[in-house]
Amino acid sequence: QVHLVESGGGLVQAGGSLRLSCAVSGRDFSSYTMGWFRQAPGKEREFVATISRSGDNTYYTDSVKGRFTISRDNAKNTVSLQMNNLKPEDTAVYYCAAGLTVEGLISGDGYRDWGQGTQVTVSS
């Protein structure tokens, strides 16, 4: 089991940028596939991006492709989400998640451990 703490959220105008970070404590960080999800008020949790254990493979939901970049630093036990050209519809609580399986990475079922979330608000 690992403990995840997100940071970097805040209020930004449309077109602006934010960089979210997720610090992971626990053993064998490089064994975990990592993901970012978000949940807007009144909506279900939504997959945003995922990155493989080595960092060589990434996958994004269509709405953020070309604007968001997921990355990881296995030496520092961190995963990041660089968000550019933010839109009001990106407003949500963003969560990072860690999993040991390659299944359920989009649905969220494949992740065992979750952070508490960080609020991102994009004003128009």
Side-chain angles (χ1 to χ4, degrees):
Q1 188 174 3
V2 292
H3 182 62
L4 300 87
V5 178
E6 302 94 336
S7 61
L11 173 64
V12 64
Q13 290 187 331
S17 298
L18 283 174
R19 184 177 181 87
L20 305 184
S21 293
C22 177
V24 182
S25 60
R27 296 176 58 184
D28 301 326
F29 172 70
S30 61
S31 299
Y32 288 83
T33 298
M34 300 299 298
W36 285 96
F37 288 75
R38 65 187 180 186
Q39 187 166 20
K43 295 187 177 181
E44 294 186 353
R45 183 183 66 194
E46 175 189 25
F47 166 79
V48 176
T50 187
I51 188 166
S52 62
R53 292 172 292 178
S54 66
D56 289 344
N57 296 300
T58 59
Y59 183 77
Y60 301 88
T61 191
D62 285 347
S63 63
V64 308
K65 284 180 181 177
R67 300 189 298 123
F68 291 12
T69 302
I70 188 172
S71 61
R72 67 188 294 161
D73 186 334
N74 285 347
K76 296 182 178 180
N77 284 22
T78 59
V79 60
S80 299
L81 186 69
Q82 177 66 42
M83 306 186 296
N84 298 327
N85 191 22
L86 282 161
K87 304 176 180 180
E89 52 263 42
D90 295 319
T91 295
V93 177
Y94 283 70
Y95 300 89
C96 69
L100 292 171
T101 177
V102 295
E103 299 179 347
L105 298 181
I106 309 302
S107 68
D109 293 342
Y111 300 93
R112 186 179 66 178
D113 301 300
W114 295 78
Q116 293 300 306
T118 185
Q119 176 71 48
V120 171
T121 303
V122 184
S123 64
S124 57

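Heads up: numbering here begins at 1 and tracks the sequence.
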[X]: what forms a side-chain contact (heavy atoms from CB on, under 4.5 Å) with it, not counting sequence neighbours?
| X | answer |
| --- | --- |
| K65 | Y60, D62 |
| S63 | R38, E46, T61 |
| S54 | S52, D56 |
| V122 | V12, A14, L86, P88, D90, T91, V120 |

### Message
Between R53 (side chain only) and L100 (backbone N and O only), is there a donor and an acceptor less than 3.5 Å apart?
### Response
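Not a single qualifying donor-acceptor pair exists.
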### Expected output: side-chain Q116 to main-chain E6 donor-acceptor under 3.5 Å
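No, Q116 side chain to E6 backbone: no donor-acceptor pair under 3.5 Å.
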### Query
Which pairs with one or both residues in residues 73-82 pass side chain to side chain donor-acceptor pair (under 3.5 Å), sequence neighbours excluded?
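Counting only pairs at least two positions apart or across chains, the side chain to side chain donor-acceptor pair (under 3.5 Å) contacts touching residues 73-82 are R19-Q82, R72-N74, Q82-N84.
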Quiz: residues 26-34 side-chain donor-acceptor pairs under 3.5 angstrom, not counting sequence neighbours:
residue: Y32; atom: OH; partner: R112; partner atom: NH2; Å: 3.0

#### Entry: Atom of V2, atom of A98 and distance for their closest heavy-atom approach
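Looks like CG2-CB, 3.8 Å.
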### Task
Heavy atoms only: give me the nearest T101-G110 pair and the separation to one decimal.
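Here T101 and G110 meet closest at CG2-O, 3.2 Å.
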#### Entry: Hydrophobic cluster of V102, others only, ordered by chain and residue number, side-chain cut-off 4.5 Å
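Listed partners: none, V102 stands alone.
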### Task
Each residue besides W114 in its hydrophobic cluster should be listed here, by chain and number; the cluster joins Ile, Leu, Val, Met, Phe, Trp and Tyr at side-chain heavy-atom distances under 4.5 Å.
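Via sub-4.5 Å side-chain contacts, W114 links to F37, F47, Y59, V93, Y95, L105, I106, Y111.
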### Query
Which pairs with one or both residues in residues 93-124 pass disulfide bond (SG atoms under 2.5 Å apart), sequence neighbours excluded?
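Every pair satisfying disulfide bond (SG atoms under 2.5 Å apart) with a residue in residues 93-124: C22-C96.
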#### Entry: Pairs satisfying disulfide bond (SG atoms under 2.5 Å apart), at least one member in residues 38-85, at least two apart
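Every candidate disulfide bond (SG atoms under 2.5 Å apart) pair involving residues 38-85 fails, so no pair, neighbours aside, qualifies.
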### Task
Using ring pair (Phe, Tyr, Trp, His ring centres under 6.0 Å) as the criterion, list what pairs up with Y94, not counting sequence neighbours.
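In terms of ring pair (Phe, Tyr, Trp, His ring centres under 6.0 Å), with neighbours along the sequence ignored, Y94 is linked to no residue.
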### Query
With sequence neighbours excluded, what pairs up with T121 under the side chain to side chain donor-acceptor pair (under 3.5 Å) test?
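Only Q119 meet the side chain to side chain donor-acceptor pair (under 3.5 Å) criterion with T121.
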### Message
Rounded at 0.5 Å granularity, tell me how far OG in S71 sits from CG in L81.
### Response
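Nearest 0.5 Å value for the OG-CG distance: 8.5 Å.
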